[in-house]
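Here's the structure we're looking at; comments come further down.
Each residue takes its place number in the sequence, starting with 1.
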Amino acid sequence: MSKLKEGFFWGNSTSSMQTEGAWDKGGKGKSVYDIRKATTDVSDWKDGIDEYHRYKEDFDLMKDMGMNFFRFQISWSRVQPDGEGDFNEEGIQFYSDFIDELLKRNITPMICLYHFDMPLALSEKYNGFLSRKVSNLFVKFGIEMVKRFGDRVKYWITFNEQNLYNQWNASSFAGNLQEPEDINAVYQIAHNVMMGHVQVANYIHENTDCKIGGMLAYTEVYPATANPRDIQVAREIQEFSNNNLLDVFANGHYSKAVLKHIENYKIDAGFQKGDFDILSKCRSDYMCFSYYRSTVVNSEKIPENCSVDDYLSYGSESNPYVEKTSNYNWEIDSLGFRDILNKIYHQYQVPVFPIENGIGVQEAYYGKEIQDDYRINYMRDHIQALEDAVEHDGVEVLGYLGWGLIDIPSSAGDMRKRYGVVYVNRTNHNLKDMKRVPKKSFHWLSNVIHSNGEEL
């Protein structure tokens with residue numbers, strides 16, 4: 001008998017800019033991704049996998065596999081070309097039809113409102129989420145989408161991997177045309193994004209029967225040794241990168257350790273009167289996260305007086321105790337996945353929902369089924385770790401969503417790095433026919449889903 005409860009969610013996650021294509025169709029405005037040009041190693045962002053025209057075909061593949069859940073993203077610039085002003089009814093109708101086709105196949109939709117593709121106009125006019133104005137515009141956009149689709153879509157997240165905005169390279173995610181000049185700007189971006197999340201979450205809880213939670217990019221960070229300083233550094237990374245946001249998602253306040261850091265270092269985080277009252281109302285129906293790998297931090301590599309925000313920039317090193325992916329040298333660590341499920345659930349007592357997990361590998365199709373046993377092994381180990389967390393650790397887990405289970409360009413725009421159980425026949429610079437071809441892992445995962453995780 002399966003360890004997972006009936007109704008467990010099995011599915012897939014994607015972003016709009018990596019899938020849809022049709023960058024200039026249907027009244028869509030430009031996003032910051034639409035102006036990025038192809039290079040020798042990456043594609044441009046104009047075509048994705050042509051999901052705009054082929055989503056029914058892909059939904060049929062999901063249904064055949066047994067998937068009952070799909071997290072997708074609404075492109076802000078498709079439904080509101082400038083990020084403010086009038087909404088584009090043609091773009092809204094696209095997503096309405098999209099949702100209806102999922103429901104026809106008994107696939108439960110989850111909407112992500114923002115996955116790094118800021119409307120270009122908001123970047124040029126306000127410098128993205130460095131501006132509280134953009135945070136407020138995001139809230140208006142988010143509430144409008146809930147009003148339009150909340151009758152059919154009951155599961156929501158606001159920001160993809162929200163803790164990434166706490167980093168120096170937040171500009172690439174937050175729509176800033178200029179890099180943050182100092183630590184103040186980094187914290188202001190992170191707070192403006194959080195204010196966007198909280199106000200949409202509060203609206204959903206106060207006005208609808210929908211559910212919403214926050215989402216983190218979660219990397220398990222181990223201390224390099226039993227050196228107390230290594231352990232302290234790993235704990236501080238956990239507190240600043242993860243707990244600080246989870247505290248808001250679950251309990252409506254920032255971490256006291258982070259607030260003390262802001263006070264001690266006289267950081268201007270952009271807090272405004274009334275913000276903490278708004279934050280205090282925030283709750284989450286589930287905690288979402290992505291997980292791909294773990295890492296190790298060595299305190300001896302971190303310079304004195306270094307900010308916690310930069311610890312991993314200096315101190316991260318390879319873990320000799322785990323295998324690595326063949327092309328990209330990412331740690332493969334299913335026990336890290338289990339540990340994260342435990343840490344989130346037992347600290348916050350809110351159901352957890354891993355909504356991205358997978359392995360990126362370079363693959364080529366030569367007319368025969370791709371034998372991706374490495375992907376099967378990766379998913380088997382991680383699903384087993386999830387089941388162990390449920391059966392042995394008492395963790396409440398809502399589902400398991402793979403990342404990009406139909407091949408899409410990577411987050412860098414590289415079509416060579418493939419996560420899918422379905423191959424898409426295109427390269428970085430040749431769109432070919434974009435034919436969808438199931439890999440060996442497709443059939444394996446289908447059997448897992450149809451057995452609700454019993455047959456691994």
Side-chain angles (χ1 to χ4, degrees), residues 15-18 20 22-37 44-46 48 72-92 94-95 111-149 156-181 184-201 203 215 269-270 272 275 278 411 413:
S15 73
S16 63
M17 74 276 192
Q18 290 167 278
E20 286 180 6
W23 69 284
D24 60 350
K25 300 291 191 299
K28 181 182 179 299
K30 287 183 179 179
S31 82
V32 292
Y33 278 80
D34 294 327
I35 61 172
R36 295 186 182 184
K37 299 185 183 300
D44 62 30
W45 295 86
K46 295 182 177 180
F72 68 95
Q73 181 223 343
I74 289 178
S75 167
W76 189 352
S77 56
R78 189 175 294 285
V79 298
Q80 195 178 27
D82 293 327
E84 58 184 331
D86 293 339
F87 284 88
N88 172 31
E89 294 302 324
E90 187 174 355
I92 290 172
F94 166 75
Y95 289 113
I111 286 177
C112 172
L113 290 168
Y114 185 85
H115 194 123
F116 311 151
D117 59 339
M118 174 73 64
L120 181 61
L122 297 185
S123 291
E124 293 177 334
K125 193 172 181 180
Y126 305 112
N127 203 18
F129 276 112
L130 187 56
S131 165
R132 181 61 72 93
K133 170 79 171 180
V134 170
S135 178
N136 293 334
L137 289 170
F138 171 81
V139 173
K140 292 179 180 179
F141 151 68
I143 290 174
E144 183 67 19
M145 295 303 98
V146 173
K147 289 179 177 178
R148 298 292 188 123
F149 303 127
W156 295 75
I157 58 172
T158 48
F159 295 97
N160 178 71
E161 301 179 325
Q162 190 174 327
N163 53 340
L164 297 185
Y165 300 87
N166 295 24
Q167 302 175 1
W168 277 104
N169 61 354
S171 59
S172 63
F173 310 123
N176 313 121
L177 294 183
Q178 296 85 38
E179 291 286 344
E181 294 182 359
N184 297 319
V186 175
Y187 275 77
Q188 287 165 19
I189 290 168
H191 180 61
N192 288 341
V193 169
M194 181 58 84
M195 290 304 298
H197 166 80
V198 166
Q199 290 179 84
V200 173
Y203 173 85
M215 181 197 176
Q272 297 182 10
D275 284 359
I278 296 171
S411 58

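Closest of all the heavy-atom pairs between V32 and I35 is O-CG1, 3.3 Å. Between G175 and S123 the shortest heavy-atom distance is O-OG, 2.6 Å. Contact between M118 and A174 at its shortest, heavy atoms only, is CE-O, 3.3 Å. Across P81 and P119, no two heavy atoms sit closer than the pair O-CB, 4.3 Å. For N136 against Q199, the heavy-atom pair with the smallest separation is OD1-NE2, 4.2 Å. Across every non-hydrogen atom of N192 and S131, the tightest pair is ND2-C, 3.6 Å.
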Should W156 and V200 be marked as a side-chain contact (heavy atoms from CB on, under 4.5 Å) after you check the CA-CA gap, both sets of side-chain angles, and the distance that decides it? CA-CA 10 Å; W156 295 75; V200 173; over 6 Å; no

*Decide yes or no on side-chain contact (heavy atoms from CB on, under 4.5 Å) for Q73 and M17, but give the supporting numbers first.*
CA-CA 9 Å; Q73 181 223 343; M17 74 276 192; 4.3 Å; yes

Task: Evaluation steps, side-chain contact (heavy atoms from CB on, under 4.5 Å), between L137 and Y126 - done: CA-CA 11 Å; L137 289 170; Y126 305 112; 4.2 Å; yes

| request: For side-chain contact (heavy atoms from CB on, under 4.5 Å), just list the numbers for Y114 and N160, CA-CA rounded to whole Å, side-chain angles, deciding distance to a tenth of an Å, and then say yes or no. | output: CA-CA 6 Å; Y114 185 85; N160 178 71; over 6 Å; no

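Here K140 contributes atom NZ and E84 contributes atom CD; the two are 8.5 Å apart, rounded to the nearest 0.5 Å. The structure places CD of Q80 at 7.5 Å from CE of M145, a figure rounded to the nearest 0.5 Å. The distance from atom CG of D82 to atom NZ of K125, rounded to the nearest 0.5 Å, is 8.0 Å. A distance of 9.0 Å separates CG of D44 from CH2 of W23, quoted to the nearest 0.5 Å. Considering NZ of K46 and NZ of K25, their distance stands at 10.5 Å, rounded to 0.5 Å. To the nearest 0.5 Å, atom CD of residue E161 and atom OG of residue S15 are 10.0 Å apart.
By the 4.0 Å N-to-carboxylate-O rule, E89 lies close enough to R148 to be salt-bridged with it. The pair E20-K28 does not meet the salt-bridge criterion, since no charged nitrogen lies less than 4.0 angstrom from a carboxylate oxygen.
Within the 4.5 Å cutoff, the side chain of F149 has heavy atoms near those of the I92 side chain. When side chains are defined from C-beta on, F173 does not count as touching V193, because their heavy atoms never get closer than 4.5 Å.
In this structure, F141 and W76 have parallel ring planes: the angle between them is below the 30° cut-off, well short of the 60° mark.
Inspection of the S16 and D117 side chains reveals an N or O donor paired with an N or O acceptor under 3.5 Å.
For F138 and F159, the ring centers sit closer than 6.0 Å to each other.
The main-chain N or O of R78 is found under 3.5 Å from a side-chain atom of N88 such that the two form a donor-acceptor pair. In this structure, the side chain of R132 engages the main chain of G270 through a donor-acceptor pair within 3.5 Å.
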